[in-house]
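Start at 1 and go down the list; that is how both ligands and their atoms are numbered. The model shown is predicted, which means the values in this text are computed figures rather than measured ones.
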Amino acid sequence: MDIKELDNKYIAATYARFPVEIVRGEGSLVYDENDKSYIDLGSGIAANIFGYNDEIWINAVTEQLHKVQHTSNLFYSIPGAELARLLCEKTGMKKVFFANSGAEANECAIKAARRWAFQKYGDESHSTIITLKNSFHGRTITTLAATGQDKYHTEFGPFTPGFVYADASDASDVARLAEENKCCAIMMEMVQGEGGVVPLDRAFVSGAIETAKKHDLLIVVDEIQTGNGRTGKLYSWQNFGFTPDIMTTAKGLGGGLPIGACLFGERTENVMTPGSHGSTFGGNPVCCAGAVSILKRVDSDLMESVMEKSKYITEELTGAPGVISVAGMGLMLGIETVRPAGEIVSGCIERGVLVLTAKNKIRLLPPLNIPFELLKQGIRILKEEICK
Ligand SMILES: *Cc1c(COP(=O)(O)O)cnc(C)c1O
């Protein structure tokens, strides 16, 4: 049985796959079953931020593998504590809960926001969370409920109640929802990833923060896709000049191994207490050791090169034939095209370049350390496919 038949026969049909088998990778290149190479401008959806077979990360992970691969959260273990310290020192946040994925990190954020309100009001009256239309927060029943897109709200109901959705371009809509509901938090992505790579504008963000102040709401930022250097800062809220009360991240944090994190600021650091939350694999020492090595390398030099590459892509594509618009931040870019995105993706694959889509756009999430020459080659081919 070939891989396609095997996959179709035994794997639940939740994914429509491209006709490529990824066998191995090296730097920003991946190779298929025929050893054809592809320039990877998707990084396994923003996960492999230092590409493939990265020596530093592999050393960090294998060193830990030789010591302890897993211990329960009933015991102390260095990698998780070290990673939490790094996260806090680099963000000003105070405490970290580790999960295994983005959705789980968001589940923790939602639980914590509601518990914060419970502790304040003594009951569940202020449990509503304002999220944004066109957002994406995960695939569990609760994070789907948090996701502000109708297409995710059918067939799997009943969904978790307590979410209302504000227009992401209209701060007065956030204010209205805060008046009309008893809320505990506003939750948002600074750049809506799955929603089509749509950055929030500054006026909207300051308006939302004002509403949060007025009604004493928490600000929860979902940095699962935008985080870990993707937008030119370690976390994208650092581009907007405020600090969230709760922040979640995943994807790039593990450099390709599953890990999620929920970070608590000053107002929320003591909300979660023993027994209030947990995860068997959360804070897994191997994933954390890898993540420590990743975070240590997301420094100002890397961020500078991210912005240089971002500028290069934006200048190459803005106004190019067949390009309607280019949006995003850093190395998280969405390109609206005349030619249907799906056709461009297939054309690029044919020519050895992997790109993603988000809604009707082409989405680029290359490894942060992609060599400039490879990036140029990839963008040249993408550009040619766009104007076909
Ligand atoms: C990918 C993503 C999630 C879900 O993360 P998983 O690891 O797939 O559970 C949540 N929020 C945002 C913004 C994402 O991009």
Checklist outcome for this item: Numbered in order shown, the ligand 1 atoms found under 4.0 Å of a heavy atom of H137 are 10 (C), 11 (N)
Item to check | Sole residue of R363, K359, K151 in salt bridge (charged side-chain N to carboxylate O under 4.0 Å, His left out) with E194 | outcome: R363
Checklist entry - Looking at ligand 1, does any of its N/O atoms fall within less than 3.5 Å of an N/O of A250? => result no
Checklist entry - Is E5 salt-bridged to K9, cutoff N-O under 4.0 Å? => result no
Item to check | Electrostatic pair E107-K111, nearest N-O below 4.0 angstrom | outcome: no
Checklist outcome for this item: atom 11 (N) of ligand 1 has as its nearest protein heavy atom D222 OD2, 2.8 Å
Checklist entry - Considering all protein heavy atoms, does one lie under 4.0 Å from atom 8 (O) of ligand 1? => result no
Checklist entry - So, for F264 and F97, is the gap between ring centers shorter than 6.0 Å? => result no
Item to check | Atom indices of ligand 1, in the order listed, that fall short of 4.0 Å to a heavy atom of E189 | outcome: 13 (C)
Item to check | Geometric N/O contact I224 with ligand 1, under 3.5 angstrom | outcome: no
Next on the checklist: Between the side chains of E384 and R351, is the shortest nitrogen-to-carboxylate-oxygen separation below 4.0 Å, so that they form an ion pair?
Outcome noted: yes
Checklist outcome for this item: Note: heavy atom closest to atom 6 (P) of ligand 1, options G102, A46, A47, A358, belongs to G102
Next on the checklist: Only heavy atoms of S101, strictly under 4.0 Å: list the atoms of ligand 1 that pass.
Outcome noted: 7 (O), 9 (O)
Next on the checklist: Quick check: closest heavy atoms across A113 and A185, and the distance to 0.1 Å?
Outcome noted: CB-CB, 4.0 Å
Next on the checklist: Please confirm whether the ring centroid of H153 lies under 6.0 Å from the ring centroid of Y165.
Outcome noted: yes
Item to check | Sub-3.5 Å N/O-N/O distance, A103 and ligand 1 | outcome: yes
Item to check | Option nearest atom 2 (C) of ligand 1 (shortest heavy-atom distance, choices K251, M332, Q225) | outcome: K251
